[in-house]
Amino acid sequence: MIRVRFAPSPTGYLHIGGARTALFNHLFARRHQGVFILRIEDTDEVRSSHESVDAILESLAWLGLEWDEGPRLEPGRSGDWQERGNFAPYFQMRRLERYRQYVEQLLREGKAYRCYCTPEELDAMRRRAQLEKRPPRYEGRCRSLTEAQRRDHETQGRRASVRFRMPDEDATAVEDVIRGRVEFENRLLQDFVIQKTAGGPTYNFACVVDDHLMEITHVIRGDEHLSNTPSQLQVYAGLGWKPPQFAHLSMILGPDGAKLSKRHGATSVLEYKTQGFLPQALRNYLALLGWATPDSRQLFEAAELIGKFDLKGCQKNPATFDPQKLQWMNGTYIRKLTREELVRESAPFLESAGLGRVPREPLLRAVGLEAEKVKLLTEVPRLVDFFFKDAVYEQKAVEKVLRAPGAAKILEDIRALLQKTPGFLEKDLEAAIRGFCAGNNLKPAQAIHPIRVAVSGRTEGPSLFAMLEVLGREKVLERIGAAQRLI
RNA sequence: GGCCCUAUCGUCUAUCGGCUAGGACGCUGCCCUUUCAAGGCAGAAAGAGGGGUUCGACUCCCCUUAGGGCCA
């Protein structure tokens, strides 16, 4: 049984890179009918926050990355996830006993030791090492303290951290599914802290304990953790545990080649939501950052993605995030929606644009007419607003189209014509207007352009005749009148 | 500074020693068309550099260069 986890630190929103890692884990689990676990690594009490936890959960929910397992909730402690019929995530801060237990084991077996060096002392050592051009690693001052020395430190009231005793010789090899075998010399690994003086575990330790206890089979995570892996492997060995398989995903970079960060624009998943992206589009795009099929296909339905996802298709080199391609992809997903779905997805944006209470049927039709143009849901209100609000006449449209020679006369005739057309359906209108043009020796465009500007205020828009039908006779006549007054 | 990773069009990528180097975004042109789109067709655009290995290297090895990561 395949078991994977996504293990974010709640020190900020869920960013694009984290979302991609979560997605790959989720896809891998679904592909192999495995289990996907969410583990919140909140042992850094200073930087962790509840707001971050909420943002991460909301982001995962939006992306449809639900997890399959979690701790039993204590009675009375209900979270949102419970109401959603989901599991709670695991929180490392609620598992401190377990880490302590294994620190004790390592201490007992002499595979770890207490270190009484103060931050100031460590700092001084580091500076000295740098001055002497030695690698700034822990020198092992407390590696072999005698019992007497220990007691001495204790009576002085010094608090100890616990360090893992690294072997000095040989090398540790990481067998990475994506990168192959990567070797690290043990003498360059340092005796890293596994338990802080305050008693909490460090990242590299808690991670190992949890991955083991949660029976994780594949650790799929960002490239930045590759260098931590040999230290973690030593902990597995020290505790007598079999390590999982590792797969390190390449990083996601900004357009300038540096690690993707805030200065490159939106990096928070939720920002993409508010910018009008569809979660399925973001998922599809993210899947293609660092992964591809042999035929380089671009668009995948959710189920297809699960069926095709494969760690072997993962890229070793970092990928640059391309907002333009994401937008294109969002457009293709928007065009796949029915107009009902598009209206539903755009509802929050329509609402904040003051179009929350317009009649449903005309809204559906207006949105349907504009759908092919939409790349972001945020554009929907702007594209349909003139159907429901008074037209705002663009200055250049007035000058170039309404005030064009002959336009005034055409509008006058058209207004008279539209007053008495028997029906006001697209096909009637098209027949009437084209007939008018033919009868007056006009090219259809000569009439169509001024009418478009007159009824919508702009030069761009959907098919004119469909647009007129949706607007209805009353509004059309009224607006042509308004436009005439501008000429 | 030490260690590690990476290197194909501007970007995402295909290629697992035979390549006229394929696809997608973006860009340009044409077609369709009442505008804007969408769609269709066409085009420009790539193997970082240097050594090897091989009948043959984008593909394998080494070095250099560049970018990135981790440790502080």
Side-chain angles (χ1 to χ4, degrees), chain A residues 17 122-123 125-127 129-138 171-174 176 178-190 192 203-204 222-231 248-260 284-299 312-332 334-335 369-375 379 383 397 400-401 429-430 433-434 437 442-453 456 458-468:
Chain A
L122 292 169
D123 219 46
M125 280 186 242
R126 206 174 296 133
R127 269 200 301 272
Q130 253 164 1
L131 262 155
E132 293 164 23
K133 300 242 185 266
R134 283 180 293 115
R137 58 191 281 272
Y138 182 66
T172 304
V174 178
D176 191 276
I178 296 169
R179 279 149 211 285
R181 185 186 176 89
V182 184
E183 287 195 20
F184 297 82
E185 283 185 75
N186 288 342
R187 63 180 183 84
L188 298 170
L189 266 27
Q190 60 173 334
F192 72 105
Y203 163 76
N204 274 317
D223 200 12
E224 67 267 28
H225 293 292
L226 181 58
S227 307
N228 288 327
T229 310
S231 299
H248 287 94
L249 268 15
S250 58
M251 313 227 49
I252 298 178
L253 309 178
D256 60 354
K259 188 174 174 175
L260 191 67
N284 193 152
Y285 179 70
L286 251 24
L288 257 27
L289 273 186
W291 174 78
T293 52
D295 60 357
S296 267
R297 242 183 82 183
Q298 305 293 308
L299 269 12
K312 282 192 210 81
C314 289
Q315 199 71 11
K316 285 188 270 200
N317 51 317
T320 304
F321 188 81
D322 181 4
Q324 258 187 332
K325 186 162 181 176
L326 209 209
Q327 279 217 4
W328 162 77
M329 202 169 267
N330 204 50
T332 70
I334 284 175
R335 272 173 256 125
L369 289 178
E370 298 282 14
E372 63 192 13
K373 261 198 279 294
V374 182
K375 285 208 162 60
E379 298 166 350
L383 289 168
K400 288 195 173 162
V401 182
L429 294 161
E430 177 154 16
I433 291 170
R434 285 192 191 279
C437 293
L442 290 168
K443 279 184 281 184
Q446 286 177 279
I448 287 170
H449 293 313
I451 302 171
R452 172 187 303 288
V453 173
S456 72
R458 34 225 213 199
T459 55
E460 301 168 1
S463 161
L464 179 77
F465 308 110
M467 197 165 118
L468 294 178

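Order of the sequence lines fixes the chain letters, A, B, ..., with proteins taken first and strands second; residue numbering starts at 1 for each chain.
Note on A:Pro462: a base of the nucleic acid sits closer than 4.0 angstrom, heavy atoms only. Contacts of A:Ser250 with the nucleic acid, taken as non-hydrogen atoms under 4.0 Å apart, are absent.
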Polar atoms only, N or O, under 3.5 Å: list the protein pairs with nucleotides 37-46 of chain B and their distances.
from: B:A37; atom 1: O2'; to: A:Glu372; atom 2: O; distance (Å): 3.0
from: B:A37; atom 1: N3; to: A:Glu372; atom 2: OE2; distance (Å): 2.7
from: B:A38; atom 1: OP1; to: A:Lys375; atom 2: NZ; distance (Å): 3.4
from: B:A38; atom 1: O3'; to: A:Arg335; atom 2: NH1; distance (Å): 3.3

Give me, pair by pair, the N or O atoms of the protein and of nucleotides 5-12 of chain B that are less than 3.5 Å apart, along with how far apart they are.
from: B:C5; atom 1: O3'; to: A:Arg179; atom 2: NH1; distance (Å): 3.4
from: B:C5; atom 1: O2'; to: A:Arg179; atom 2: NH1; distance (Å): 2.3
from: B:C12; atom 1: OP1; to: A:Thr320; atom 2: N; distance (Å): 3.0
from: B:C12; atom 1: OP1; to: A:Thr320; atom 2: OG1; distance (Å): 3.2
from: B:C12; atom 1: O2'; to: A:Leu288; atom 2: O; distance (Å): 2.8

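At B:A14, none of the side-chain N or O atoms of A:Arg297 fall inside 4.0 Å of OP1 or OP2 (strictly under the cut-off).
Of all heavy-atom pairs spanning A:Ser250 and A:Asp223, the tightest one is CA-CB, 4.1 Å.
Checking A:Arg452 against A:Thr293, the closest nucleotide of RNA chain B that is more toward the 5' end is the one next to A:Thr293.
Considering only side-chain atoms of A:Ala292, the nucleotide from B:C3, B:A72, B:A14 that sits closest is B:A14. Between B:U13, B:U34, B:U35, one nucleotide has an atom nearer to the side chain of A:Ser296 than all others, and that is B:U13. Among the nucleotides B:C70, B:U34, B:G69, the one closest to the side chain of A:Ile448 is B:U34. In the set B:U34, B:A72, B:C70, the nucleotide with an atom closest to the side chain of A:Asn228 is B:C70.
A donor-acceptor contact under 3.5 angstrom links the side-chain atoms of A:Ser463 to the base of B:U34.
Contact check for A:Lys443 versus A:Cys437: no side-chain heavy atoms found under the 4.5 Å cut-off. Put simply, the side chain of A:Ile178 reaches to within 4.5 Å of the side chain of A:Lys316, judged on heavy atoms.
Across all strands shown, B:A24 is found opposite B:U11 as a Watson-Crick or G-U wobble partner, with both distances under 3.5 Å.
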